[in-house]
Asker: 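Supplied in structure tokens, the structure appears directly below.
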2 protein chains.
Amino acid sequence: MTTLVDVAKKANVSKMTVSRVINHPDKVTDELKRLVYDAMHELDYHPNMIAKALVNKSTMIIKLCILEDIDTTEPYYMNLMLGIAKTLDLHQYSLQLVTRRNFDIGNCDGYIITGMRQQDVEWIKKLTKPVIMFGENRYGLDYVDTNNKMGTYLLSQLALKKGYDRLIYIGIDSKESFEYSREAGYIQQVQEKRMVPELYRFDNHSHLGEEFIEKNWDNFTKNTAFICASDRLAIGIERGIARRGGKIPEEYGVTGFDGVFLNQVASPKITTVKQSIIEMGSTCGENLLDKIENNDTQGSILFEPKICLGGTLRE
Amino acid sequence: MTTLVDVAKKANVSKMTVSRVINHPDKVTDELKRLVYDAMHELDYHPNMIAKALVNKSTMIIKLCILEDIDTTEPYYMNLMLGIAKTLDLHQYSLQLVTRRNFDIGNCDGYIITGMRQQDVEWIKKLTKPVIMFGENRYGLDYVDTNNKMGTYLLSQLALKKGYDRLIYIGIDSKESFEYSREAGYIQQVQEKRMVPELYRFDNHSHLGEEFIEKNWDNFTKNTAFICASDRLAIGIERGIARRGGKIPEEYGVTGFDGVFLNQVASPKITTVKQSIIEMGSTCGENLLDKIENNDTQGSILFEPKICLGGTLRE
DNA sequence: TTAGTTGATGCTATCGGTAACATTTTACTC
DNA sequence: GAGTAAAATGTTACCGATAGCATCAACTAA
């Protein structure tokens with residue numbers, strides 16, 4: 001493998017000059033720069049990241065910590081990893097996939113953490129390396145997420161625009177930040193129209209949505225739209241309505257959130273918020289590397305929700 | 001961060017002795033060893049892998065190269081990565097997820113490659129670092145895979161034992177090694193029983209299996225079992241039979257291969273070969289690290305197939 | 001007793017870079 | 001053209017580990 005010294009010899013300069021050409025090119029004359037570039041090119045020189053890491057006391061490793069149990073049937077985490085990996089590869093960083101148990105094994109330059117619960121805040125705040133969360137939180141930890149509030153706000157708005165005159169929110173029965181935000185988006189839209197919010201919450205299983213509809217069918221006047229906090233719940237609602245003979249989208253509207261795999265199974269397809277997890281993961285990586293390399297305190301990043309029209313709202 | 005020198009000072013020895021305690025403990029007296037261990041423990045010493053990597057001219061990085069288009073809705077690759085990551089973390093290695101395009105960016109100590117086609121053999125054979133393939137091949141490249149042949153052999157055997165008297169093989173129309181092996185397993189079992197093999201091949205989509213059954217229904221005498229090369233195809237066959245009013249498992253048997261997510265959707269569940277991709281990935285990692293660290297030429301590893309009983313064979 | 005052998009431990013250079021300081025060159029002023 | 005500041009380039013030490021040789025003590029054999 002060619003090293004700095006090889007290049008230096010070829011270009012008849014000291015290795016420091018070569019190093020400067022790479023890291024502080026403005027401090028080297030154009031003439032020498034060209035000499036060095038030529039030599040580098042000729043020898044097919046690639047800097048040794050390990051040596052660099054040693055002097056910088058860095059590791060070129062990012063740990064991705066998934067705190068939830070991983071449901072491998074959901075493409076969510078796979079997409080996240082693909083996105084992160086894309087960015088890291090580009091910058092020659094590599095990835096360690098860790099869980100809470102093996103979190104402390106080995107060093108790294110920064111962390112991406114996802115699936116955080118309240119009890120995790122404490123130890124996460126104690127970390128001494130840059131951290132970015134994937135998924136919103138309200139503990140002051142920087143994060144990357146879809147703008148959840150805006151998502152349900154827009155879906156509610158769309159439902160109203162399509163002429164549904166009653167909006168019911170079907171939420172996830174959990175105390176996580178994203179759920180509060182989704183509720184908030186719905187509530188804001190409804191209140192702006194001087195309507196009364198109606199919220200129900202269930203564990204995130206489609207059959208719970210289905211049962212809810214079946215049991216309470218008589219309460220649901222025609223021309224109602226259900227704004228659901230997840231595609232799972234939306235699919236359940238959809239099935240429930242179908243069972244009771246309700247017509248979607250003519251009589252009832254349904255919206256979801258997420259763009260999970262299950263949506264492919266639904267019929268008609270749910271109108272939902274599509275999240276590009278890959279892109280978000282990629283941004284998440286960029287953000288973290290920025291923090292690491294430029295000591296930048298970026299703050300959080302919200303992705304604007306993209307509404308993905310299915311067949312569960314009119315027109 | 002504590003270093004060798006810190007430990008050496010604490011233990012009143014030279015840093016070389018500390019290094020020896022770690023790497024060649026047999027060359028140090030027990031007394032010094034204990035002194036050093038105590039000091040290491042007291043200072044919470046962890047070797048700096050980067051420095052180690054620099055002298056060893058290693059990188060502590062393994063590249064995982066997925067050559068297929070990744071279908072993120074399949075948990076396959078997620079499981080693979082989880083398995084690999086588990087092993088690598090344990091050995092302080094980290095992972096780079098690369099595609100053919102960014103394959104050459106940056107250095108590494110070894111490769112895990114999956115989704116290989118024939119055209120890839122050439123460049124893979126030229127790699128100078130240890131390689132292990134995930135998925136069988138017939139080009140002499142070491143691999144980790146389920147014993148595909150044994151899988152269909154056993155499923156066929158089971159179907160016969162359950163009393164089905166005609167076995168039809170539904171294969172995947174591709175020239176990949178695993179498919180040949182699965183066919184071979186079926187053929188061997190059938191020939192041992194002096195029966196005549198009947199093989200059909202389709203692209204790996206359930207609807208193709210379904211259509212095949214519908215169109216050729218009259219050919220399929222009762223008491224036939226379909227040995228399918230994938231759960232996807234098996235689900236299609238199952239649906240086709242159901243549509244035509246055939247009874248599973250009483251009149252017809254079906255077996256699959258893989259244990260993919262879709263099986264959860266099938267009813268009744270397919271009798272299939274369950275592959276623990278996580279475990280296989282983990283072994284794959286161990287194998288590669290062995291090759292790297294011990295210069296070991298391990299050869300391939302076959303996992304014995306585990307038959308997972310569903311409701312598509314009698315009893 | 002003394003030379004030779006063996007085993008335990010220490011010393012030094014090295015891996016491939018970078019920062020800090022040292023030195024040389026350049027440019028500009030009077 | 002000497003004096004000086006600024007810019008360009010070189011020298012040295014160091015990051016944290018390991019290999020190889022040097023040293024030294026203990027033990028064996030003549």
Asker: Nearest whole Å is fine: how far is C:dG17 C1' from A:Q92 CD?
Answerer: 14 Å
Asker: Donor-acceptor pair, A:S282 side chain versus A:I278 backbone, under 3.5 Å?
Answerer: no
Asker: What is the distance, to the nearest angstrom, from the CG atom on B:L54 to the C1' atom on D:dC15?
Answerer: 9 Å
Asker: Between atom CE of B:M116 and atom OG1 of B:T114, what is the distance when rounded to the nearest 0.5 Å?
Answerer: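 B:M116 atom CE to B:T114 atom OG1 measures 9.5 Å (nearest 0.5 Å).
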Asker: I want to confirm an ordering. Mapping B:I50 and B:H24 to their closest nucleotides on DNA chain D, which one lands closer to the 5' end?
Answerer: B:I50
Asker: For B:V55 and for B:V13, locate the closest nucleotide of DNA chain C by heavy-atom distance; then report the residue assigned to the nucleotide nearer the 5' terminus.
Answerer: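 Comparing both residues, the 5'-ward one is B:V13.
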Asker: Taking atom P of D:dT11 as reference, at what distance in whole Å does atom CE of A:M16 sit?
Answerer: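 Spelled out: CE on A:M16 to P on D:dT11 is 12 Å.
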Asker: For D:dT18 and B:S19 - does any side-chain N or O of the residue sit under 4.0 Å from the phosphate oxygens OP1/OP2?
Answerer: yes
Asker: Select one nucleotide: of C:dT9, D:dA17, C:dC15, the one nearest the side-chain heavy atoms of B:T29.
Answerer: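 Selected nucleotide: C:dT9.
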Asker: Can you check whether B:Y45 has a side-chain N or O nearer than 4.0 Å to OP1 or OP2 of D:dG16?
Answerer: no
Asker: Verify the contact: side-chain N or O of A:S14 to OP1 or OP2 of D:dG10, cut-off strictly under 4.0 Å; return yes or no.
Answerer: yes
Asker: Quick check for you: among C:dG10, D:dT18, D:dG16, whose closest atom lies nearest to any side-chain atom of B:N56?
Answerer: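 Closest of the options to the side chain of B:N56: D:dT18.
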Asker: Please give, in whole Å, the distance from D:dA17 C1' to B:M60 CE?
Answerer: 12 Å
Asker: Using atom NZ of A:K9 as one end and atom C1' of C:dG17 as the other, report the distance to the nearest whole Å.
Answerer: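 Between C1' of C:dG17 and NZ of A:K9: 15 Å.
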Asker: Can you tell which of C:dG17, D:dA17, D:dG20 lies closest to the side chain of B:R20?
Answerer: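 The answer is D:dG20, which lies nearest to the side chain.
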Asker: When you compare the side chains of B:E68 and B:Y76, does any donor N or O come within less than 3.5 Å of an acceptor on the partner?
Answerer: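 Not at all, the side chains of B:E68 and B:Y76 share no donor-acceptor pair under 3.5 Å.
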Asker: Where the side chain of A:K52 is concerned, which of C:dG17, D:dT9, D:dA17 is the nearest nucleotide?
Answerer: C:dG17
Asker: With sugar-phosphate meaning primed atoms plus P, OP1 and OP2, does B:L32 contact a base, only sugar-phosphate, or nothing at under 4.0 Å between heavy atoms?
Answerer: sugar-phosphate
Asker: Give me the ring orientation class for B:F103 and B:W123: parallel if the planes are under 30° apart, tilted from 30 to 60°, perpendicular past 60°.
Answerer: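 The rings of B:F103 and B:W123 stand perpendicular, inter-plane angle above 60°.
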Asker: Using whole Å, report how far CG of A:N107 lies from P of D:dA17.
Answerer: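 My rounded result for the distance is 11 Å.
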Asker: At 4.0 Å (heavy atoms only), tell me whether B:V5 reaches a base, stays on the sugar-phosphate, or touches nothing.
Answerer: nothing
Asker: Do any side-chain nitrogens or oxygens of B:T17 fall under 4.0 Å of OP1 or OP2 in C:dG10?
Answerer: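 For B:T17, the contact criterion (side-chain N or O under 4.0 Å from OP1 or OP2 of C:dG10) is met.
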Asker: For C:dG17, does the base pair up with any side-chain atom of A:K15 as donor and acceptor (N or O, under 3.5 Å, distance only)?
Answerer: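 Counting by modelled atom types and ignoring angles, a donor-acceptor contact under 3.5 Å is found here.
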Asker: Could you check how far CG of A:N23 sits from P of C:dA19, rounded to whole Å?
Answerer: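 Checked: the CG to P distance equals 7 Å.
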Asker: What closest approach, in Å, do A:N48 and A:M1 show between heavy atoms, and which atom pair accounts for it?
Answerer: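 Scanning both residues, the minimum pair turns out to be ND2-CE, 3.8 Å.
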Asker: Rounding to an integer number of Å, can you tell me how far A:K27 NZ sits from C:dT23 P?
Answerer: 19 Å
Asker: Do A:E136 and A:S177 meet the criterion of a side-chain donor-acceptor pair at a distance under 3.5 Å?
Answerer: yes
